[in-house]
Every structure is written in structure tokens, then in C-alpha cells.
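Working notes, beginning with the structure itself.
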Amino acid sequence: MAEASPGRPFPKRLITTEDLDLEEIRRLIEYARDLRKRHEQGEGLPSQAGKCVVLWFTEPSTRTRLAFASALTKLSASFIDLEPTASSMAKGESIAETARTLDALGMAGVVMRTGHPDGPGLVAEHFGGVVINAGAGTFAHPTQALADLAAVAEKQEVWQGGLRMLVVGDIVRSRVARSTVRLWTRLGHRVTLAGPLGGLPQSWLKSPPALVEVTTSLPELGQFDLVMMLRTQREREGIPFPSPGEFARHFGLTRERATMLKGDALILHPGPYEPGVEIDPEVARSQRSLIQSQVEWGVWVRTALLDLMLSSASEQGGEAGG
Ligand code: CP
């Protein structure tokens with residue numbers, strides 16, 4: 001069981017990072033660090049034995065799905081993959097009815113990856129246990145943003161605000177970009193979004209949110225503490241976007257451009273990346289790249305999150321919409 005202090009229940013729904021207040025976010029990251037340290041020292045981890053969580057993934061995933069599966073294994077919980085084509089959804093059963101069925105089957109949680117931006121929110125209306133958005137359309141990918149925060153927190157002070165982050169690429173189709181902007185600006189950091197005109201949210205070009213700047217060219221790199229590169233999401237709805245070669249020429253983090261970064265600047269990419277398009281593979285594997293660390297923290301942040309949420313849900317009882 002998580003060491004949740006009495007009177008401090010943890011939310012049992014994570015649809016966007018705003019479902020957690022800043023204190024809960026810090027508690028989560030510190031708990032993830034604590035669990036990782038315990039594991040590395042050969043100490044036992046908390047147990048959620050007897051609980052079963054459904055991994056409901058209708059879009060491809062390597063790191064997120066396996067990180068959740070690994071996290072549940074670490075917590076001695078079990079999981080079941082809900083395969084849309086092998087479930088009654090293939091016979092037309094709706095998301096809402098499927099969620100109600102999972103509730104009646106006694107599942108403790110649902111982790112959902114979907115192209116439907118409202119999918120996890122809809123599940124939360126009909127399922128009483130833990131609901132975690134594992135990436136919903138272009139709307140949000142909260143556990144990725146939290147894993148990235150943990151990876152950066154290992155190297156830099158993140159709780160006082162004041163860092164400058166650059167996010168480059170296909171912003172408008174990126175749920176990671178949206179979750180990153182929301183999380184990092186709430187923490188008081190400044191975020192610059194750079195990409196070709198068609199890949200930027202048009203409303204933000206005219207009127208960006210507080211602490212956000214939007215630009216159609218690659219800014220001077222030496223001013224940033226963090227640079228996050230994003231993959232072009234050609235699998236999503238078409239937008240006017242340059243060819244891979246043209247994008248690489250104007251925006252790619254080449255070896256030469258990487259030399260312009262500040263000495264202690266860190267490079268992020270949520271993965272998967274296209275080598276030689278948004279990032280040179282040597283840069284992606286360089287000392288200052290956090291790409292592997294983001295994946296590692298993805299496991300520990302999800303382990304901490306599941307332990308806190310499953311413990312809290314048991315204490316609160318399972319009411320759909322709660
Ligand atoms: N970053 C991310 O969500 O990767 P996967 O699609 O492999 O889960």
C-alpha cells in the first residue's frame with residue numbers, strides 16, 4: 001500500500017495533469033524517486049496484490065503500455081489487455097457500456113490509450129475505479145509529461161520556476177506538447193513553441209497562454225535550459241506540413257545545432273523519434289539527452305501513480321464519476 005498520509009487521499013482519475021494540484025505532483029515525483037531508490041537498494045516495493053487493471057489501448061504504444069505493465073508487475077497487481085478487435089466493441093458495444101461492464105467485472109482500474117480525445121473522460125463517467133489517460137488523441141498525455149518532469153528533476157531544480165523550455169516540431173497534433181505546456185507553465189517555467197506555421201495552434205499564434213511564446217522559426221538555442229523535439233504525426237489528420245527533409249533543414253536538432261546549446265541544457269523527446277528528421281541519432285544518444293531516462297522514469301512515475309491511486313480508490317470506494 002502507498003504511504004498516503006491520513007486525510008490526504010490521492011485523486012483516482014488522471015485525465016489531464018490539472019487533475020493533480022502542485023502539491024500532489026511533487027508528492028508523486030518524490031514518491032517515484034523513493035520507489036526507484038528502494039528498488040535499486042533491493043528493498044521491497046508496496047503491494048497492490050489482488051487488484052486487476054485493464055490496459056485499454058486502441059492506438060499503438062511501446063513505452064507507455066509496457067511501462068504500465070511493468071509498474072503493475074512491480075506492485076504485484078495483475079493486468080488484462082482489452083483488445084478492441086477481440087472484445088464486444090467489435091460488435092458495436094460503446095465505450096460507456098464497455099466501461100460499465102469492466103466495473104461490474106470488478107476491475108480496479110482502467111488505463112486508456114485512444115485516438116478519441118474524450119475517451120478517458122467518458123470511461124471515468126461510467127467506471128468507479130482508477131482511470132488513467134495514457135494518451136488521448138491530440139488532447140493530453142499526462143503521464144508522459146509527469147515522467148519527463150521526473151527525468152528533468154533528477155538533473156535540475158524544477159520546483160522554483162524560471163526555466164526556459166523550447167518545444168520544436170508538430171505541436172498542433174501533439175498531446176505531449178499540450179500536456180507539457182500545461183504542466184511546465186503551472187510550475188512557473190516559460191515555454192517556447194517552434195515549428196512550421198501549419199504545425200502550430202493558430203489561436204496561440206495570435207494569443208498565446210501566459211508564459212508561452214510561439215514562433216515559426218527556430219529561435220537562438222543558447223537561451224534554453226530544456227529542448228524537447230517532437231515527431232511529425234503523419235498518422236493523424238493531415239495538416240500543411242513540410243517534407244521530412246525540409247523539416248530537418250529548418251528545425252531538426254542536428255549535431256551542429258546541438259553545439260549551440262548551453263553547457264547544461266538537456267534534450268528531451270517523448271519517443272518514438274525519426275532519426276535524422278527532428279533529431280540526429282548521435283544527439284539523441286548524447287550525454288545531455290534524457291530520452292532513455294524519460295522511459296525509465298516513465299516506469300517509476302507510473303508505479304508511484306498506480307500505487308497512490310489504487311490505495312486511495314480502495315479507501316474512497318468506487319463510485320462512477322467520483
Ligand atoms: N511517448 C509515448 O507515448 O510512446 P509510446 O507511443 O511508445 O507509448
Side-chain angles (χ1 to χ4, degrees), residues 14-17 28-29 32 53-74 79 81-84 109-117 119-120 123 131-153 165 167-184 191 193 195 199 226-237 253 266-275 277-279 281 283-285 289-306:
L14 181 70
I15 311 300
T16 76
T17 55
L28 171 69
I29 303 297
V53 172
V54 176
L55 302 183
W56 181 347
F57 278 53
T58 63
E59 281 193 340
S61 166
T62 298
R63 34 196 85 53
T64 311
R65 201 190 76 75
L66 294 184
F68 273 111
S70 172
L72 288 160
T73 305
K74 283 178 168 42
F79 61 88
D81 281 302
L82 180 65
E83 299 284 354
V110 172
V111 175
M112 187 183 218
R113 157 74 58 102
T114 171
H116 192 324
V123 171
V131 179
I132 300 175
N133 174 4
T138 59
F139 169 59
H141 194 350
T143 60
Q144 179 69 51
L146 292 163
D148 296 350
L149 178 64
V152 176
M165 179 189 273
V167 183
V168 183
D170 182 358
I171 308 288
V172 79
R173 290 184 290 190
S174 173
R175 52 194 172 212
V176 175
R178 282 190 181 74
S179 289
T180 299
V181 167
R182 291 191 194 112
L183 179 62
W184 287 82
V191 181
L193 304 173
L226 304 164
V227 175
M228 177 183 284
M229 305 305 296
L230 296 175
R231 183 178 65 87
T232 302
Q233 301 201 25
R234 291 186 202 90
E235 72 275 21
R236 298 204 185 280
E237 192 188 340
L253 191 55
L266 299 168
I267 296 167
L268 295 111
H269 194 307
Y273 70 84
E274 277 192 279
V277 180
E278 72 272 21
I279 189 164
V283 176
R285 293 185 196 140
S289 165
L290 291 184
I291 294 176
Q292 290 298 95
S293 175
Q294 288 170 266
V295 178
E296 290 166 15
W297 281 108
V299 174
W300 291 105
V301 164
R302 290 171 178 117
T303 307
L305 184 69
L306 283 162

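Ligands are counted one by one from 1 in listed order, and the atoms in each one are counted from 1 as well. Computed from a predicted structure; not experimentally measured.
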Which atoms of ligand 1 have any heavy atom of [X] under 4.0 Å away?
| X | answer |
| --- | --- |
| T62 | 5 (P), 7 (O), 8 (O) |
| H141 | 2 (C), 3 (O) |
| T64 | 2 (C), 3 (O), 4 (O), 5 (P), 8 (O) |

Backbone or side chain, does any N or O of S61 fall under 3.5 Å from an N or O of ligand 1?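 Yes: some nitrogen or oxygen of S61 is under 3.5 Å from one in ligand 1.
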Keeping R231 on the side-chain end and E274 on the backbone end, is there a donor-acceptor pair under 3.5 Å?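 No, because the side chain of R231 does not come within donor-acceptor range (under 3.5 Å) of the backbone of E274.
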Is a donor on one side and an acceptor on the other found under 3.5 Å between the side chain of R302 and the backbone of A71? no
Distance under 6.0 Å and angle within 45° of the ring axis: does R182 meet both against F139? yes
Would you check, one step at a time, whether the test salt bridge (charged side-chain N to carboxylate O under 4.0 Å, His left out) holds for D170 with R234? CA-CA 9 Å; D170 182 358; R234 291 186 202 90; over 6 Å; no
Start with the C-alpha distance between R65 and V111, add both sets of side-chain angles, then the distance that settles side chain to side chain contact (heavy atoms under 4.5 Å, CB included), and finish with yes or no. CA-CA 9 Å; R65 201 190 76 75; V111 175; over 6 Å; no
Considering heavy atoms of the protein only, find what lies nearest to atom 6 (O) of ligand 1 and give residue, atom and distance to 0.1 Å.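 Atom 6 (O) of ligand 1 sits closest to the protein heavy atom R113 NH1, 3.1 Å.
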Quick test: of every protein heavy atom, which one is nearest to atom 4 (O) of ligand 1, and how far off is it to 0.1 Å?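 For this ligand atom, the closest protein heavy atom is R63 CG, 3.0 Å.
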Locate the shortest heavy-atom distance separating P270 from M229; write the atom from each residue and the value.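 For P270 versus M229, the nearest heavy atoms are CD-O, 3.5 Å.
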Run the contact test for G271 against ligand 1 with a 4.0 Å cut-off on heavy atoms, strictly below, and give the result. yes
Are E59 and ligand 1 in contact, using a heavy-atom cut-off of under 4.0 Å?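 No.
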